[in-house]
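Take a look at the structure below.
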Protein chains: 2
Amino acid sequence: MDAINPELLRGSLELMVLSALSDGKQYGYSIQAKLWESSSEIIDLKAGTLYPILHKLEKEGLVKSLWENETGRRRKWYELTAAGRKQLRNRADEWRRYVDCLRRILGPLGDLAPQPA
Amino acid sequence: MDAINPELLRGSLELMVLSALSDGKQYGYSIQAKLWESSSEIIDLKAGTLYPILHKLEKEGLVKSLWENETGRRRKWYELTAAGRKQLRNRADEWRRYVDCLRRILGPLGDLAPQPA
DNA sequence: CTCGATACATAGCCAGGCAATATGTCGCGA
DNA sequence: TCGCGACATATTGCCTGGCTATGTATCGAG
């Protein structure tokens with residue numbers, strides 16, 4: 001599957017990360033893997049993109065984190081807060097409005113099936 | 001209708017402009033108006049955003065322009081080139097792939113109707 | 001005659017995403 | 001046992017696109 005222009009992804013990455021946390025806690029690396037799989041190998045979120053997003057979301061109180069130090073391999077688990085769950089719903093709404101908006105603008109082009117060749 | 005986070009719009013503005021030119025030539029100001037109307041008053045493309053986009057598209061050979069100097073009021077008409085039409089199709093395809101991709105990631109959240117309050 | 005809409009253009013700022021780099025653990029195969 | 005690749009997190013600095021602000025000029029209405 002072809003990659004999507006990164007410029008297009010911009011602005012929706014936070015939504016993806018929030019969404020990846022919607023059914024339970026995850027740590028950074030597992031979020032990358034989850035998005036990679038759930039997007040059918042399209043979204044390859046780089047570490048240099050993911051971790052700053054996670055830190056930002058935590059600073060905004062949308063996620064909370066907990067270090068797992070038991071084993072030598074340290075993991076930082078992230079979990080949605082109540083505010084985070086609300087944000088997720090709001091941003092998903094916004095996303096749908098955005099899609100509707102583009103569909104209206106594109107007209108027939110918005111409905112066409114991708115053309116081979 | 002609420003505005004959409006500009007960060008989310010990023011990357012799709014060129015597609016919108018190309019789309020606005022899909023059924024005939026337009027000049028800058030009329031493109032703004034067309035997008036404003038076809039988006040149900042959501043997309044308010046600023047001049048400082050639109051003109052640079054138009055210049056970029058022209059430099060890339062996706063649109064060609066023609067000055068109308070007849071009257072004192074000068075207008076610069078823009079028209080899609082063959083390459084531009086092709087790009088429009090490609091980018092509309094890419095947009096659809098993007099939407100599908102997020103639908104998969106969001107799961108049920110991608111289908112829900114926007115909730116009041 | 002002034003104000004707001006029409007019409008185009010550009011300089012400069014801001015923020016997000018990415019590449020590169022850094023650090024360290026762990027398990028496997030040579 | 002040594003090294004390599006996967007696992008795991010973090011930060012710096014660059015690039016780019018969109019927005020704000022500003023500038024110029026025409027035109028019709030009041």
Side-chain angles (χ1 to χ4, degrees), chain A residues 3-18 20-21 25-37 39 42-60 62-78 91 94 98, chain B residues 3-18 20 25-37 39 42-60 62-63 65-78 91 98 102:
Chain A
I4 292 172
N5 181 354
E7 218 53 61
L8 207 49
L9 266 9
R10 193 174 175 132
S12 65
L13 297 187
E14 283 188 17
L15 170 59
M16 294 184 200
V17 171
L18 288 172
L21 291 169
K25 53 179 62 171
Q26 299 275 339
Y27 56 94
Y29 205 81
S30 72
I31 293 174
Q32 288 183 297
K34 193 181 165 83
L35 289 177
W36 175 249
E37 285 161 28
S39 71
I42 292 178
I43 302 300
D44 184 15
L45 203 51
K46 304 305 164 63
T49 300
L50 176 61
Y51 293 109
I53 287 179
L54 252 9
H55 300 159
K56 187 187 167 215
L57 293 178
E58 184 166 27
K59 208 163 62 182
E60 292 171 348
L62 304 179
V63 302
K64 59 185 170 197
S65 67
L66 190 66
W67 277 104
E68 171 196 334
N69 285 314
E70 327 265 307
T71 59
R73 190 100 101 196
R74 63 209 244 291
R75 285 174 175 169
K76 200 173 179 181
W77 291 87
Y78 286 93
R91 299 217 193 172
E94 187 179 33
Y98 178 33
Chain B
I4 293 170
N5 181 353
E7 219 54 57
L8 205 50
L9 266 9
R10 191 173 176 133
S12 64
L13 297 187
E14 283 189 20
L15 170 59
M16 294 185 201
V17 171
L18 288 171
K25 53 177 63 170
Q26 299 276 340
Y27 55 94
Y29 205 82
S30 72
I31 292 174
Q32 289 182 297
K34 192 182 167 81
L35 289 178
W36 175 249
E37 285 162 27
S39 69
I42 291 178
I43 302 301
D44 185 14
L45 203 52
K46 303 304 163 64
T49 301
L50 176 61
Y51 293 110
I53 287 178
L54 253 8
H55 299 159
K56 186 186 168 217
L57 292 177
E58 184 167 26
K59 206 161 65 182
E60 292 170 347
L62 305 179
V63 302
S65 67
L66 191 66
W67 276 104
E68 173 196 332
N69 285 314
E70 327 265 305
T71 59
R73 188 97 100 196
R74 62 209 246 291
R75 285 175 174 167
K76 199 173 179 180
W77 292 86
Y78 286 92
R91 300 216 192 173
Y98 178 33
L102 240 74

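Here is how names work: the chains are called A, B, and so on, in the same order as the sequence lines, proteins then strands, and each is numbered from 1. Being a predicted model, the structure only gives us computed values, none of them experimental.
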When we call it a touch if two heavy atoms are under 4.0 Å apart, what does B:Gly48 touch: a base, just sugar-phosphate, or nothing? base
Does a side-chain N or O of B:Tyr27 approach OP1 or OP2 of C:dA7 to a distance below 4.0 Å, or not? yes
Indicate, with a heavy-atom threshold strictly under 4.0 Å, whether B:Leu13 touches base, sugar-phosphate, or nothing. sugar-phosphate
Measuring to OP1 and OP2 of C:dA19, would you say a side-chain N or O of A:Lys46 lies under 4.0 angstrom away? yes
Rounded to whole Å, CD1 of B:Ile53 lies from C1' of D:dC19 at a distance of 11 Å
Answer yes or no: does a side-chain N or O of A:His55 lie under 4.0 Å from OP1 or OP2 of D:dT9? no
Would you tell me if any nitrogen or oxygen in the side chain of A:Lys76 comes within less than 4.0 Å of OP1 or OP2 on D:dA10? yes
Contact under 4.0 Å: B:Lys56 side-chain N or O vs D:dG17 OP1/OP2: yes
Is any N or O donor-acceptor pair between the side chain of B:Arg10 and the base of D:dG17 shorter than 3.5 Å? yes
Heavy atoms under 4.0 Å, any strand shown: does B:Trp67 hit a base, just sugar-phosphate, or nothing? sugar-phosphate
Among C:dA7, D:dC7, C:dA9, the one nearest any side-chain atom of B:Arg73 is C:dA7
Hey, is the side chain of B:Tyr51 poking within less than 4.0 Å of OP1 or OP2 on C:dA9, counting only N and O atoms? no
